[in-house]
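This report refers to the structure that appears directly beneath it.
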Amino acid sequence: MTESTRRTPTEDPVGYDPAGIERKWQERWEKRGTNHADLDAGNRPFYALMMFPYPSAEGLHVGNLFAFTGNDIYARFQRLQGHTVFEPLGYDAFGIHSENFALKVGLHPADLIPQNIGNFRRQLKRSGLMVDWRHELSTTDPSYYKWTQWLFLQLYKRGLAYKKRAAVNWCPNDKTVLANEQVIAGECERCRAKVEQRLLEQWFFRISDYAGRLLSNLDTIDWSETTKQAQRNWIGRSDGAEISFRVQDLQELTGTATIASGGSGEFTSEPVDVRVFTTRPDTIFGATYLVLAPEHPLVDMVKTDEQRDEIDAYKARASKQDLVSRKVNRDKTGVFTGSFAINPATQQPIPIWIADYVLMEYGTGAIMAVPAHDERDFEFAKVFDLPITRVIAPATLPGSLAPLEEAYTETENVRLVRSGDFSNLSVAEGKLRIVEWLAAHGHARAIVNYRLHDWCISRQRYWGPPIPIIYCDKCGTVPVPESDLPVELPYVEDFKPDDSGVSPLARVESWYKVKCPTCGGHARRETDVSDTFLDSAWYFLRYPSSEFNDVPFDEKRTERWLPVTSYIGGNEHAVLHLLYSRFITMVLKDAGILNFEEPFTKFRAHGMIIRDGAKMSKSRGNVVNPDEYIERWGADTFRTYLMFLGPYEEGGDFRDQSILGVRRFLDRVWASVLGATADDSSADVTRKLHQTIKKVGEDIPALSYNTAIAAMMEYVNVLRRNERTPHRSEVEPLVQLIAPFAPHVAEELWEHLGHKESVFDARWPLFDPGLIVEERSTIAVQVNGKTRGTIQINAGEGQETAVAAAMGDPAIAKFVTGTPKKIIFVQGRLLNLVV
RNA sequence: GCGGGAGUGGCGAAAUUGGCAGACGCACCAGACUUAGGAUCUGGCGCCGUAAGGCUUGGGGGUUCGAGUCCCCCCUCUCGCACCA
């Protein structure tokens, strides 16, 4: 083949001008409304949702673009399959992040955010996403957060929003309360400051009421397994029992000879029980002491005069202690209360201790300690020289039991010992029978515990939706009437948080002083704002109805478009955002407002883009600015490169050099299409084309974008290496295959091929299964499992032909000594001769 | 500690689920294009070896005609959760 036949006769034989065609098609899409979805009448609705970005001042992050491009390809592919695809985008613009940045640069977030959004919108449009911009939204828009506040009221109405004084995580740097989820190993997730404890009045959502459903529903939805697993861990179901231990001779032990009970202020000598939660009721015969959390309400009741000072000192220390030292320094400390309780199984008195290794927030805030079979209890017992009674032993090891060097936590192939009538039972049966027995005497009940805590939504900050509650001297807590929504966030010059424990809004008297909506008397607004995660827990409900002002979401639109068909986002939101969205959806279902309870039918987590083996960050100086790359290579090349650098669900390492390969690919596609003639097609090329259509059509829905691109590259290589100019029918489907990845190039080439409509209004090409089959098959020939060569035989031929062909090849035959003892033949693949 | 994911050429990665390991791409090497080239095209490219051949998917065992893939033990990295009873 000569050079001249390979070269296309155009002036610029290869290479296209991205800037020109990208501008042209972006303008045309806008003018024609190509990306608009007919939300009321479109056939086969497909809601392709991506997690909306926080519009930072730095602009669009390449990670955002990676995520969005992956969603866009999926969405465009679905459209080519004949769906009406809705791909909306918005901004998660409230929150500490924006506020802190505004403080840093000395601007007001209300001024800053619109600028940032403008910049984001420009960047997003440039990258060629199929976004229906008519439904853009921002959580900071009063017409949006009006309904965030409405949502709060729906929860309040149903008793799912409540206020309580609680020890909360306080970040001394950001000067605000943090949700449990925002505390990483005792540090603020944002600024890494050591988190302290503070007691504040906070609003909570009863998400823990939904723990069981949030957990069991996971089995019904099509989500990334990693995400489901993260949610399961977070919800943390534990099956166990609650067991009561009667406190012994309390009157005699307490100096006052009486105990306070039920908060009535009366003195009584009613018996007092310590309730504990355990997952190992089978070990109760080994429970040699009890431990209460230092904050446990019974502590003051059971402490003896003798122990009082020591107990009080320990409690004081524990309450002051920040969470870091409590969680990082795990040395066991504690104090004996002076009291004893009766072990209901052994009837023996056991001492009651307090220790900070028992957490008030979990279970009942009290445990029965079984040092022989729990590592923490074992450690504690060693420190304070408490008795260690072994009640579990290997099933196969009879005889005497040596003292334990460490806690014996084995539960398989073991049996109960020293456990009265229950000795010799397995752990599973022991649990069952012992709980039954204790329950019959009123000492226990089987119970399920979850680690999931209620969701604290109060934030003592400025940049968020005010919580729609009014406190009236006479009427108490009064919800803002729905007709008065939104409670607008006032423009406040000084929005700097302070150490007071209340929001900066508490300094704005003109705003918080209001008349009570019920009695008209003097009242005061709640000055805390709500958590950003509440804004994002329902935004997907708003998109299809964003033009409706009298309802949060229109009934018909919602019926048609929800639940979300496909959701793509980062796994960093695996527990927070996704769990809250599910919770809110369930609440709305229970309220009769929605008719489904899982918001996202399908969810896939994309991977993360790193650079030089490390996360991108300004301090490392390895941040990729998409603008520069789009400028230089074009949006199509950049998009395709991002999808090619690794498996979409794993992410990958960004490398400047590698972009060139993708640009070459698109240039070759460009040249092939421009150079196409009306010659006959070739059987080899046609076969490869149909194989490629099949492969790409299977890979895109599996988000296997990197291999889809590789397949298209292979096809282009076949096209180029064929000794003739490509035929039109060989390149037209190729234009459609690249369309989801490189939409501008595809549109331009589609137009070049004479089409008047958008390539996205055409249908995805079909492959002919009959054309895919190879006529000759290449068979690997092994001798004793070692590959010695390959043979070519006709596709349908069987073992005999294959063996004959193999023996006819001297390079293979020389390894075959004598007649084969065994022959393994795999049709179309392999022949193995065992000699 | 518990739970998830992953270890494959110089690099990013493939591998129809037990059947030719390294597709595709980057980098590199050689050549072509009447000057140049961070352009384009052609060819080469796992490692050792002139070759025949041998070796090779983190390490070690096993199952199998055949293992990157299945089983057992170990190592490393990574991401969640973490005194949750």
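So that the names make sense, note that chain A is the first sequence line, chain B the second, and so on, each numbered from 1.
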[X] near the nucleic acid: base, sugar-phosphate alone, or nothing, with a heavy-atom cut-off under 4.0 Å?
X      : answer
A:Q657 : sugar-phosphate
A:N706 : sugar-phosphate
A:L645 : sugar-phosphate
A:R788 : sugar-phosphate
A:F815 : sugar-phosphate
A:N717 : sugar-phosphate
A:Y450 : nothing

Take atom [atom1] of [X] and atom [atom2] of [N], then tell me their distance rounded to the nearest Å.
X      : N      : atom1 : atom2 : value
A:R232 : B:rG3  : CZ    : P     : 14 Å
A:L830 : B:rC20 : CG    : P     : 7 Å
A:K821 : B:rC65 : NZ    : P     : 12 Å
A:R829 : B:rA15 : CZ    : P     : 14 Å
A:M368 : B:rA85 : CE    : P     : 13 Å
A:F825 : B:rC20 : CZ    : P     : 14 Å
A:M713 : B:rG12 : CE    : P     : 17 Å
A:L576 : B:rC81 : CG    : C1'   : 12 Å

Note: for A:R632 and A:T279 on RNA chain B, the residue whose nearest nucleotide lies more 5' is A:R632
Can you tell which of [options] lies closest to the side chain of [X]?
X      : options                : answer
A:S658 : B:rA85, B:rC20, B:rC26 : B:rC26
A:R655 : B:rG12, B:rA23, B:rA85 : B:rG12
A:T790 : B:rC20, B:rU42, B:rC81 : B:rC20
A:F644 : B:rG4, B:rC24, B:rA14  : B:rC24
A:K822 : B:rC65, B:rA85, B:rG3  : B:rC65
A:A780 : B:rA15, B:rC24, B:rC20 : B:rC20
A:R721 : B:rA85, B:rA23, B:rU42 : B:rU42
A:Q782 : B:rA85, B:rG19, B:rG3  : B:rG19

OP1 or OP2 of [N] less than 4.0 angstrom from a side-chain nitrogen or oxygen of [X], does that happen here?
X      : N      : value
A:K786 : B:rA67 : no
A:R668 : B:rU40 : no
A:T707 : B:rU16 : no
A:T226 : B:rG80 : no
A:R720 : B:rC41 : yes
A:R664 : B:rC24 : no
A:R451 : B:rA82 : no

Only residue of A:Y629, A:F66, A:F654 satisfying ring-ring contact (aromatic ring centres under 6.0 Å, His included) with A:Y641 is A:F654
Should [N] form a Watson-Crick or G-U wobble pair with both distances under 3.5 Å, which nucleotide is its partner?
N      : value
B:rG25 : B:rC11
B:rA30 : B:rU42
B:rU17 : none
B:rC77 : B:rG5

A:N571 and A:T226: side chain donor to acceptor below 3.5 Å: yes
Under 4.0 Å between a Lys/Arg side-chain N and an Asp/Glu carboxylate O for [X] and [Y]?
X      : Y      : answer
A:D684 : A:R687 : yes
A:R632 : A:E628 : no
A:E406 : A:K382 : no

Rounding to an integer number of angstrom, what distance separates [N] and [M] when you compare their [atom1] atoms?
N      : M      : atom1 : result
B:rC47 : B:rG22 : C1'   : 13 Å
B:rG19 : B:rG54 : P     : 23 Å
B:rG62 : B:rA51 : P     : 33 Å
B:rG59 : B:rU8  : C1'   : 15 Å
B:rG9  : B:rA23 : C1'   : 14 Å
B:rG68 : B:rA14 : C1'   : 12 Å
B:rC29 : B:rU34 : C1'   : 25 Å

Practice item. Spell out yes or no: do the side chain of A:N832 and the base of B:rC65 have one donor N/O and one acceptor N/O closer than 3.5 Å? Key: yes
Does A:T288 use its side chain to pair, donor to acceptor, with the backbone of A:P387 at less than 3.5 Å?
yes
Any donor and acceptor pair, going by atom type alone, linking the side chain of A:T364 with main-chain N or O of A:R275 inside 3.5 Å?
yes
Per the O4'-C1'-N9-C4 / O4'-C1'-N1-C2 angle with a 90° window around 0, B:rG9 comes out syn
With syn defined as a glycosidic angle within 90 degrees of 0 and anti as anything else, the base of B:rU64 is anti
Handout entry: Cation over ring face, A:K332 and A:F384, 6.0 Å, 45°
Key = no
Smallest heavy-atom separation, A:V781 atom then A:I812 atom, equals CG1-CG2, 3.7 Å
